[in-house]
Amino acid sequence: MAKKYYELSPDERLALLQLSDQDKSAWHDNQSDNNTQIVENYITDFRLPMGILQDIIVNGHQVSVPMAIEEPSVIAAANNGAKMLNAGGGVQVVLPKRSALTGQLLFTNIDFDTINQFVLTHQKILFECAKQSKPSIYKRGGGLLSVVTRRITDSDVSVDFTIDTKDAMGANIVNTILEAETTIFSDFKNQFIGAILSNYAIDQLVTVTGRVPFANVGGQQVAEKIVSLSKFSKHDIYRATTENKGLFNGLSAVVMATGNDWRAVEASGHAYASHNGQYQSLTTWSIKNDYLQGELTLPISVGTVGGAISAMPQAQRALRMMAVETADQLRGIILAVGLAQNLAALKAIVAGGIQQGHMKMQYRALAIQVGATIAEVQTLVTKLRALKQVDTEIAKKILMEMRDESKN
Ligand code: MEV
C-alpha cells in the first residue's frame with residue numbers, strides 16, 4: 001500500500017512538490033535530523049537570524065541575551081535601550097509568589113449554583129485525580145492549586161483549574177490533568193463542551209521597572225516627550241497597538257530564541273493590555289526624582305524545560321548562555337528586554353524619528369534583496385548610507401554601477 005504523506009521521508013515529500021531542482025536541493029541542505037521529529041510533514045528548517053543583546057542588567061546581574069528575529073533594526077535598538085537602562089542601574093523584576101496556569105472545563109446550558117455546589121463538594125476527589133493523572137509534576141513540587149467555578153453568562157460556566165507547572169510552560173501538563181478531570185463531571189456530560197488550557201496567564205504576572213538619568217536619554221525634554229508618548233498610548237488604540245508591537249519585537253525574539261511559544265505570550269499580553277476595558281500600551285513611563293522611570297507588567301507563560309525546549313538543542317544552548325535555570329529567571333530577562341526595546345523605540349520616535357536608524361539597519365537586507373552577493377553587500381551598504389534617499393530602484397542602480405566599475 002502506498003505510504004501516506006506523513007509517513008514519507010522529508011526528501012520524498014520534497015520530491016512530490018512542484019519545486020525547481022535548485023530550491024529542492026537548498027531545502028534538502030537545510031534539513032536537520034532533530035527537527036524531522038518535531039513537526040508533522042517536515043521538509044526543512046526555516047532559519048531566522050539570531051543576534052545578541054550584549055549586556056542588560058537584570059536584578060543586578062549582567063546578561064547577554066539571544067534574540068531570534070527577522071527585522072533588521074530590533075537587536076540594535078534593544079542594545080541601545082539596555083544601555084540607557086543600565087545607566088540607571090538596570091532592570092528590577094517582581095515575580096508572583098507562585099506562578100500557575102489555568103485550565104478550563106467549559107459547560108453550557110447549566111445552572112451555576114448546581115455545578116458550583118458540585119465543585120465545592122468534590123474538591124478532594126478533584127485534587128486526587130490531578131495527582132493521579134500527572135504524578136511527575138507533583139514530584140517537581142507543582143500540581144493543582146485550586147478549582148473554582150466562574151459564571152460566564154446566565155447559562156455558561158467555566159470550571160477553572162489553577163495548576164503550578166513549575167519550570168515547564170505547562171500546556172501539556174494542564175491539558176492532561178483537565179482531560180482526566182472530565183471523567184468526574186459525568187453527571188454533566190450533556191452540558192460539557194470541552195476542556196482546554198487558557199493562555200490568559202494571569203497567575204504569571206511579572207513586573208519589571210527601570211530608570212534612566214535624563215542625560216542618558218538625551219536630556220529632560222526628550223524624557224518628557226517619552227512620558228507624553230507613553231500617556232498617549234493609554235488613550236489611543238492606534239498608538240497602543242504599535243507600541244505593543246514594538247515591545248513584542250524584543251520580547252518575542254527572546255521567547256523564540258529559547259524555544260518558547262511566542263503566540264501564547266503575545267495572546268496573553270494583548271489580552272492583558274485591555275484588562276481594564278480599554279486596549280492600552282503595556283509599558284508606562286513617568287518622571288520621578290530627575291529620572292525617566294519605566295514599568296512593564298505582563299502575564300508571561302514560558303518554560304525552561306519540556307515540550308520543544310527540551311527537544312531543540314538551540315533552545316537549550318540559548319538558556320545555557322544566559323545561565324538561566326528557572327522559568328522565573330527567564331520571565332524576568334524577557335520582560336527586561338521588552339522594556340529596553342520599548343524605551344529605544346519611544347526615544348527614537350520623539351528624538352528625530354525611527355526611520356533614520358531603522359533604514360540604515362535595513363540596508364543589508366535591501367542589498368541582499370536586490371541581488372548583491374555576500375562579497376558585494378558591505379560596499380553597497382556603505383554607498384547607500386551616504387545617500388539621502390534610498391529605495392529598491394536606487395539600490396539596484398548602484399549595484400549595477402558597482403559591477404560596471406569592477407569590470408573596468
Ligand atoms: C517597529 O517595528 C516598532 C515601532 O513602531 C514601535 C513603536 O512605535 O513604539 C518603532
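Every number for a ligand or one of its atoms is a count from 1 in the order of the listing. Residues take their numbers from the sequence shown, with the count starting at 1.
The option from Gln341, Arg239, Lys245 that lies nearest to atom 7 (C) of ligand 1, judged by heavy atoms, is Arg239.
Ring geometry for Phe185 versus Phe161: interplanar angle over 60°, hence perpendicular rather than tilted (30 to 60°).
The part of Ile349 lying near ligand 1 is the side chain, judged by heavy-atom distances below 4.0 Å. Contacts with ligand 1 closer than 4.0 Å are made by side-chain heavy atoms of Asn249 only, the backbone lying farther away.
With hydrogens and angles left out, the side-chain atoms of Asn342 and Thr283 include a donor and acceptor closer than 3.5 Å.
Looking only at distances, a side-chain donor or acceptor of Thr382 sits under 3.5 Å from a matching main-chain atom of Gln378.
Side-chain contact between Val63 and Met321 is absent, with no heavy atoms from C-beta onward closer than 4.5 Å.
Taking a cut-off of under 4.0 Å to the non-hydrogen atoms of Glu71, the atoms of ligand 1 that pass are 1 (C), 2 (O). Ligand 1 places these atoms under 4.0 Å from at least one heavy atom of Gly246: 3 (C), 6 (C).
Judged by a 6.0 Å distance limit and a 45° cone about the ring axis, Arg239 is not positioned over the six-membered ring of Phe232.
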